[in-house]
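Basis for what follows: all heavy atoms, side chains included, without hydrogens, waters or symmetry-related copies. Since the model is a prediction, treat every value here as computed from it, not as a measurement. Note on naming: letters A, B, ... go to the chains in the order of the sequence lines (proteins, then strands), and numbering restarts at 1 for each one.
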There are 2 protein chains.
Amino acid sequence: MSLRERKKAKTRALIQREALRLFREQGYEATTVEQVAEAAEVATSTVFRYFPAKEDLVLLDHAPRFLEALESAPAELGPVAAVRHALRELAASRTPQELAEGLERERLMLTVPELWAASLKNVTSMIATIRDTLARRAGRDPADPWVRDITGAVVGVIFAVWLDWAKDPGMDGPAEIDRALAALEVLD
Amino acid sequence: MSLRERKKAKTRALIQREALRLFREQGYEATTVEQVAEAAEVATSTVFRYFPAKEDLVLLDHAPRFLEALESAPAELGPVAAVRHALRELAASRTPQELAEGLERERLMLTVPELWAASLKNVTSMIATIRDTLARRAGRDPADPWVRDITGAVVGVIFAVWLDWAKDPGMDGPAEIDRALAALEVLD
DNA sequence: ATATTTATGAGAGTAGACTCCTATTTGAGA
DNA sequence: TCTCAAATAGGAGTCTACTCTCATAAATAT
């Protein structure tokens with residue numbers, strides 16, 4: 001990785017970090033892109049060079065790893081069991097530091113309505129991808145009602161726990177999600 | 001109802017109707033408030049007098065009627081069965097015209113991300129209320145994980161069907177939701 | 001009919017997201 | 001060290017949601 005690339009990655013991360021901090025401190029809409037630029041000590045145009053739109057500053061990107069894990073889960077597992085498997089694997093593959101950072105960001109996203117709203121586009125496309133993956137695993141059409149219903153239930157349950165977790169960081173989120181999903185395995 | 005009030009209601013409805021038409025025909029972002037004003041033959045400032053923000057042109061909530069029905073569902077029904085019951089009752093109480101109008105608006109809301117985002121606050125408070133109601137019916141604490149998980153699964157499934165319905169208005173949404181929820185009754 | 005209250009139109013003005021251009025800096029390669 | 005390509009700063013400019021003001025018109029009350 002060249003120096004140039006490293007610098008770019010660093011700048012990008014810096015901008016995003018400062019943006020999230022400001023969003024948390026004073027709200028998403030109340031924060032202007034100019035303020036983000038100032039905080040990161042770059043020009044406003046530079047912010048837009050890295051992030052095509054303000055809402056893109058909020059992207060969450062550990063989705064690919066989850067999808068990968070879901071894809072490569074043992075073929076004999078049903079959809080719900082596969083999701084449980086993938087989640088456990090993902091949790092295990094993350095360093096404690098990564099986990100804390102991820103939790104912080106997710107918490108921020110879930111507790112600040114504007115951020116959640118801003119990331120809705122990503123969330124929906126992520127849900128669609130999960131659905132496609134589950135369909136492929138089961139050898140069914142993604143339009144299949146059964147696939148849709150299972151995906152809906154799984155995502156709904158995960159979100160429900162997630163929301164509680166965001167409100168009470170003391171609880172063991174991953175364990176709760178696992179337990180909640182276990183109850184859904186009757187659907188497999 | 002005075003003449004003045006009737007006129008206001010008429011103007012308001014006219015603005016909203018024209019707005020929805022334009023949003024449907026050329027997209028939400030691509031439609032300016034000025035165009036809406038022009039189509040409704042009012043001044044731009046008049047649009048804002050009736051609707052504080054562009055996104056408010058789309059909002060609506062028939063939530064109260066559903067919650068009422070849920071509250072008064074037979075006590076012996078489990079949570080999922082109670083939700084099914086309430087939904088059936090709600091569907092029966094709406095005229096075909098109301099149903100079509102509602103669907104049109106929901107469709108728009110679900111397919112345009114920023115509209116969905118705008119109504120997120122209402123949606124989350126609605127989910128919280130459903131959870132409270134289900135908890136009361138079951139004689140449990142709203143913080144109970146079981147209540148949380150059931151609510152999450154139910155809401156997740158309904159949204160999943162809703163999204164598909166929005167994409168394919170030809171399908172029988174209420175029936176699909178009922179079928180999907182039937183599969184969840186094992187959790188009751 | 002007159003006075004008062006309320007809704008509207010018209011337009012000027014603000015703010016902030018986003019684009020585009022140019023001069024300047026900075027890393028990469030010879 | 002010198003040269004070239006890429007990245008940035010700085011700033012001017014656009015677009016549109018949204019606000020404010022005031023004069024006019026329409027509805028209501030007396």
Rounded to whole Å, CZ of Phe48(B) lies from P of dA10(C) at a distance of 16 Å

Is the phosphate of dG9(C), meaning OP1 or OP2, less than 4.0 Å from a side-chain N or O of Thr46(B)?
yes

Donor-acceptor under 3.5 Å (Arg131(B) side chain, Asp149(B) main chain): no

Rounded to whole Å, the CG-P distance (Leu3(B) to dT5(C)) equals 19 Å

To the nearest angstrom, the NZ-P distance between Lys10(A) and dT26(C) comes to 14 Å

Heavy-atom nearest nucleotide on DNA chain D taken for Thr32(B) and for Lys7(B); more 5' hit belongs to Thr32(B)

Q. So, do Leu57(A) and Phe23(A) sit near enough that their side-chain heavy atoms are less than 4.5 Å apart?
A. yes

Rounded to whole Å, the CD-P distance (Glu34(A) to dC18(C)) equals 14 Å

Phosphate OP1/OP2 of dT8(C) contacted by Tyr50(B) side-chain N/O (<4.0 Å)
yes

Checking dT5(C), dG16(C), dA28(C) against the side chain of Arg4(B) (C-beta onward), the nearest is dT5(C)

Whole-Å distance, Lys8(A) NZ to dA28(C) P, equals 12 Å

Leu57(A) atom CG is separated from dA17(C) atom C1', nearest whole Å, by 12 Å

NA contact type, Thr44(A), heavy-atom cut-off 4.0 Å: base, sugar-phosphate, or nothing? nothing

Could you tell me whether a side-chain N or O of Asp188(A) sits under 3.5 Å from a main-chain N or O of Val80(A), the two making a donor and an acceptor?
yes

task = Could you go through the salt bridge (Lys or Arg N to Asp or Glu O under 4.0 Å) check for Arg21(B) and Glu18(B) one step at a time?
result = CA-CA 5 Å; Arg21(B) 184 179 60 78; Glu18(B) 291 302 310; 2.7 Å; yes

With a cut-off of 3.5 Å and sequence neighbours excluded, list every side-chain donor-acceptor pair involving residues 176-184 of chain A.
residue, atom, partner, partner atom, Å
Glu176(A), OE1, Arg148(B), NH2, 2.7
Glu176(A), OE2, Arg179(A), NH1, 3.4
Asp178(A), OD1, Arg84(A), NE, 3.1
Asp178(A), OD1, Arg88(A), NE, 3.4
Asp178(A), OD2, Arg84(A), NH2, 2.9

Can you find a pair of side-chain heavy atoms, one from Leu187(A) and one from Leu187(B), that are under 4.5 Å apart? no

With a 4.0 Å cut-off on heavy atoms, is Glu41(B) in touch with a base, just the backbone sugar-phosphate, or nothing at all? sugar-phosphate

Outermost contacting nts on DNA chain D, any atom under 4.0 Å from chain B heavy atoms, listed 5' then 3', are dA17(D) to dT28(D)

Using distance only, find each side-chain donor-acceptor pair of residues 31-47 of chain A under 3.5 Å and give its atom names and separation, not counting sequence neighbours.
residue, atom, partner, partner atom, Å
Thr31(A), OG1, Gln26(A), NE2, 3.1
Thr31(A), OG1, Gly27(A), O, 2.6
Thr32(A), OG1, Glu34(A), N, 3.4
Thr32(A), OG1, Gln35(A), N, 3.1
Gln35(A), OE1, Gln26(A), NE2, 3.1
Gln35(A), OE1, Thr32(A), N, 2.9

Rounded to whole Å, CZ of Phe23(A) lies from P of dG16(C) at a distance of 14 Å

To the nearest angstrom, the CZ-P distance between Arg49(B) and dA10(C) comes to 12 Å

